[in-house]
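All values derive from a computational prediction rather than experimental measurement. Below, chains carry the letters A, B, ... as their sequence lines are ordered, and counting in each starts from 1.
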Amino acid sequence: MREYMRIAKAQTANQCPNHPAVNAARVQFVLCNFRLSFHPSSFTLHPFMIPPRVRFAPSPTGYLHVGGARTALFNWLYARSLGGQFILRIEDTDEARNTEAAMRAIFDGLRWLGLDWDEGPEAGGEYGPYFQSQRKSIYDTYLAKLEAAGRVYEDNGAIRFKFSRESVTIPDMICGDIKFAATEEPDMTIRRPDGGYIFHFVNVVDDIEMRVTHVIRGEDHISNTWKHIDLCRALGAEPPVYGHIPLILNPDGSKMSKRDEGASVAGYMDAGFLPAAVFNYLCLLGWTPRLPSEIITSEDAIQAFDISEIHHSNARFDMAKCTWLNQQHLRALTGHALVEQARPWLEKSGLQVGDPAYAARALESVKEKVSLAREFPGWTHFFFREDFPSEEEATTKLKANTQSQQLLYALGDALKNAPGWDEASLTQTINSVATEQKIKPGALMPLLRASLSGQMRGPDVKVMMGVLGRDRVISRISRVASTIAQS
RNA sequence: GACCCCUUCGUCUAACGGUUAGGACACAUCCCUUUCACGGAUGCGAUACGAGUUCGAUUCUCGUAGGGGUCGCCA
């Protein structure tokens, strides 16, 4: 197998030397088909084989689960890396779950992550409708095929599909060959007495109808796959190629369900995660992009994606690493992008962003200290208002030193007459005050910090002074100095 | 219970059958420093167990144990 891969890569590289990534991906695609359809001895390369059509088919449960999001992500990467189509189909045959809000959660989550679909709700496409609730007549037609083939029978008003009961070997793009012995499981119900169709049936029919070539889904479906293939063949269609990806578990190894930390994509939005970071983390859970850094963009992922490299074992969710990645991505933001990322959180805290250039400088002064965007207000609120609170610790610091008031007045006077407001001038000014007062320059810093921000941790003091500007700095210093006098 | 998937540091993972079993996160210590971070350095820490094949096994085979999944008139 490895040898075929090597030859295939060499051949496609020759054909299209300008697009090595596309070629590597194409080879992968070819090989996945090859695994299914060809014996090694008859292996031939088909570099211009039709691009894959994959789909993400969630049920509108009211939220987008990270496991589902990662399934969508791997499907999307597969399509994007091979120039194929990514289809979104809503499996809403269970009418109780079929609400507009439940649907929105899925659309919003996917869009937030940047997983755009080529066909599906709000995108159109020639194989619609993309809601199973609107496809009943199609299912009726396919049921008739099964009836004609003598593969169904009625059971108390429900309709069951007669299994062929043969042992099968399923070539899985990720797990390799999976063998299933002939089963004694009861035949599968495909339609309820009320006429509603069951998941397994509609899922298979839609994949046939929508020309889906590759089904990439959660490992929880491995055991259902032989049934789907059986159904597919009974309908006279060639089954798609399957690939089963491992599940995401809680840190303790249990199954991740709705209320668990990190389970809902909306939770990441609410916590101030960057979509790029969550995208990045999901890539790393179950797949190792062979890139120099673990910090990657979606473009990197598309370039590097190789479905055969997806792992076979379940992975536990690690919020600490996801948060670290968010910090890494946050650091890469500058100017406008940084302001827009922080804006909702600042406004939610009642802060007016105002001049974007000023806001950008304020945010950049702390961005390396922030892990999640929602932490921005806590670090920068004093840049955006004069009536900021003074924390207990800062007040104590100012009052503990009997010289505080005198030092602040001296600083205020010196800063008023500082020759400039750049870092060098500020350093010079502060140093000369320190010399005058016979103390170390470092001793002035906490006083300045407390006076200017009301807290004992924050941006570099001189950077903070630079952003605030001379007028605000002097007025804050004198205000604090006089407050100390009153108390 | 039957069937299927899986098993390397706490977590995510790397290692043509030959490596002092590598990296990232987390943790600890130190350096840098006005704070908090970033950055740098160091440390802690793993091949589930038992057989077999082999000169040699994390790697291949079998068994055991453990984890996960499927077996709906849910999706």
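The side chain of A:Pro446 lies closest to B:rU34, out of B:rG68, B:rU34, B:rA75. For A:Ser59, taking side-chain heavy atoms from C-beta onward, the closest of the listed nucleotides B:rG72, B:rA75, B:rC4 is B:rA75. The side chain of A:Leu285 approaches B:rC12 more closely than any other nucleotide in the set B:rC12, B:rC73, B:rA75. Residue A:Ser313 has its side chain nearest to B:rU7 when only B:rG72, B:rC12, B:rU7 are considered. Distances were taken from every side-chain heavy atom of A:Arg290 (C-beta onward) to each of B:rC38, B:rC73, B:rA15; the shortest belongs to B:rA15. Here the side chain of A:Thr189 is nearest to one of B:rC5, B:rC25, B:rC73, namely B:rC73. Closest to the side chain of A:Thr288, out of B:rU13, B:rA75, B:rG69, is B:rU13.
A sub-4.0 Å separation between OP1 or OP2 of B:rC74 and a side-chain N or O of A:Arg192 is present.
The residue A:Phe201 sits apart from the nucleic acid: no heavy atom pair falls under 4.0 Å. A:Phe180 comes within 4.0 angstrom of sugar-phosphate atoms only, judged by non-hydrogen atoms across all strands, and of no base.
For the P atoms, the distance from B:rG67 to B:rU11 is 15 Å, rounded to whole Å.
Side-chain atoms of A:Arg449 and base atoms of B:rU34 include a donor and an acceptor less than 3.5 Å apart.
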